[in-house]
Protein chains: 2
Amino acid sequence: MIFIRFSIYLKSNPPNIMSKCEQCIVRQFTSLKHLSKEEVVRMSKCKTSKIIKKGDVLFEEGTPINGIFCIKDGVCKVSKMSENGRNQIISLIQRGDLLGERSLISDEVSNLSAVALNDMEVCFIPKEEIIRDLQRNNAFSMSVLRDLATSLKNADNLIVDMAQKTVKQRLAETLLYLHTKFDTNSEGAIDIQLSREDFSNIIGTATESAIRLLSEFKKKKIIAFKGKNIMILDSASLEKIAQGFHNLL
Amino acid sequence: MIFIRFSIYLKSNPPNIMSKCEQCIVRQFTSLKHLSKEEVVRMSKCKTSKIIKKGDVLFEEGTPINGIFCIKDGVCKVSKMSENGRNQIISLIQRGDLLGERSLISDEVSNLSAVALNDMEVCFIPKEEIIRDLQRNNAFSMSVLRDLATSLKNADNLIVDMAQKTVKQRLAETLLYLHTKFDTNSEGAIDIQLSREDFSNIIGTATESAIRLLSEFKKKKIIAFKGKNIMILDSASLEKIAQGFHNLL
DNA sequence: TTTAAAACATGATATTTATCAGGTTTTCTA
DNA sequence: TAGAAAACCTGATAAATATCATGTTTTAAA
């Protein structure tokens, strides 16, 4: 058992931290795949790799980022403080995602914070390098344009959900989203650990409300807890709840 | 009096509908200002101008747009249907804004609907033309990239507000936003007409709740109604309310 | 100009959600 | 490994908001 775990660890977390971008598989999942061979070599030379521990901050709202992060492994939550003093999680970012494009393009301090949800391996590419590539490589800038367009579409959907749906609907929606976005672990549970407070910060509610609703879903056998992870037992019910059929359950 | 009105009409609504992009002032407010002389001439030849009456639809959620709109005059509301069957207004678009970039870039049907709030004058530039310019003119594509980045930042802010703020806070926020975004008319009121239902669709609440809160603000002399338009009397109070100081008022 | 429809308004009530207050369990750290 | 801190949980209550019902005013259309 330990042996199996170890082999999985090796697979998703290659210890070769300072590997070159030329050979990096993760790059192929991102807009960076449109860079030319020379551009990749240049990038590889100026990039830095970092290990970020669970709970550590990648960057903080109001501070300059000065580059973009390419996520090689792990997951982080991206959030923003509300004037009410509560944190709102805007998105979850994982392996194969880029992070920080927006601030780089607008040349502004970050409007968001990013905190690791588990141990992460990320590469940081300095601003000048990316700006240079954006200005010279049209395939690359078009790809970034498409990424931003997708983010904007997702943001629009989130606005509507936040404005119109009940807390219960939003929780159901979130669970379904996690189910599709993240892998399933050996126990059949979603392979991401979110605290009850994280859940409340995703759906925009009081922590107690998130706890109560999760308990309710558990009692109704819609979800189950496998340690700190959640397993979806009845996604059909979750879909109905997300669409607003509360009373039928 | 009629004469004065007529002269204002001429100023903001030049009857020369089919004017050339080369001479169009509005183009200078948009990313289209980065196009070369030749590109502008090409665009001018393939663009179409339209008059859109108050209440008319520019495009509908789920349908292809096949180009972008450049707003020469008037205002429209951009909204999306929630699964709950209620409409959520995502943004208000006015003179000098472009509309439809996102769908064009992602090559998808629109995720949003746009409806005129007053009589509008818009130009429509077909997709092929814009895509061509995006691919060849880097200053232009970088500018569109910055536009999308700004939209994304605004969307993030809206998500947080919708998720964390009360309906009263959101209404105060909306009124302040309208005050900064739109001009003031001759009576000192905000020069845009939104129905109570529009307000409820902006802040994401029941129409009755929007009505009640607007009445409350009126009773407390924070706003006043000038016909169908709203005048801000006490923006300091609105700011406090938006930040969550409800009970002090 | 009359009439129908839409928009606006308000009260009563039900539902949803937050807050407060008090617990238990788990996790971290000295 | 003990003790502290964090996370989790539950009940009681208050506050915010939606819903329903009903009436008035304004707008648009015949």
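Remember, predicted model here, so these are calculated numbers, not experimental data. Here is the naming used below: chain letters follow the sequence lines, and residue numbers restart at 1 for every chain.
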Using whole Å, report how far [atom1] of [X] lies from [atom2] of [N].
X         : N       : atom1 : atom2 : value
Lys168(A) : dT17(C) : NZ    : P     : 9 Å
Ile230(B) : dA7(C)  : CD1   : C1'   : 14 Å
Gln193(B) : dA6(C)  : CD    : C1'   : 15 Å
Glu197(B) : dC8(C)  : CD    : P     : 9 Å
Leu214(B) : dT10(C) : CG    : C1'   : 14 Å
Asn84(B)  : dT17(D) : CG    : C1'   : 14 Å
Lys218(B) : dC8(C)  : NZ    : P     : 13 Å
Leu171(A) : dT16(C) : CG    : P     : 15 Å

Spatial distance of atom CD1 (Ile202(B)) from atom CD1 (Ile89(B)) [nearest 0.5 Å]: 4.5 Å
Sugar-phosphate, base or nothing in reach of Thr207(A), heavy atoms under 4.0 Å: nothing
Lys165(B) or Ser215(A), whichever maps to the more 5' nucleotide of DNA chain D: Ser215(A)
Shortest non-hydrogen contact from Val26(A) toward Cys70(A): CG1-SG, 3.9 Å
Proximity to the side chain of Ile211(A) - top-ranked nucleotide from dC8(C), dT10(C), dT10(D): dT10(D)
Under-4.0 Å salt bridge between Arg102(B) and Glu108(B): yes
Lys/Arg-Asp/Glu bridge criterion (N-O < 4.0 Å) met for Lys181(B), Asp97(B): yes
Throw together a table of side-chain donor-acceptor distances under 3.5 angstrom for residues 203-213 of chain B, partners on residues two or more places apart or in other chains.
unit_1	atom_1	unit_2	atom_2	d
Thr207(B)	OG1	Ser200(B)	OG	3.4

Criterion side chain to side chain donor-acceptor pair (under 3.5 Å) against Glu216(A), the qualifying member of Lys218(A), Lys219(A), Lys220(A): Lys220(A)
Of all pairs that satisfy salt bridge (Lys or Arg N to Asp or Glu O under 4.0 Å), the ones with a partner from residues 59-69 of chain A, not counting sequence neighbours: Glu61(A)-Lys80(A)
B/S/- contact track for nucleotides 19-27 of chain C, protein heavy atom under 4.0 Å: BB------S
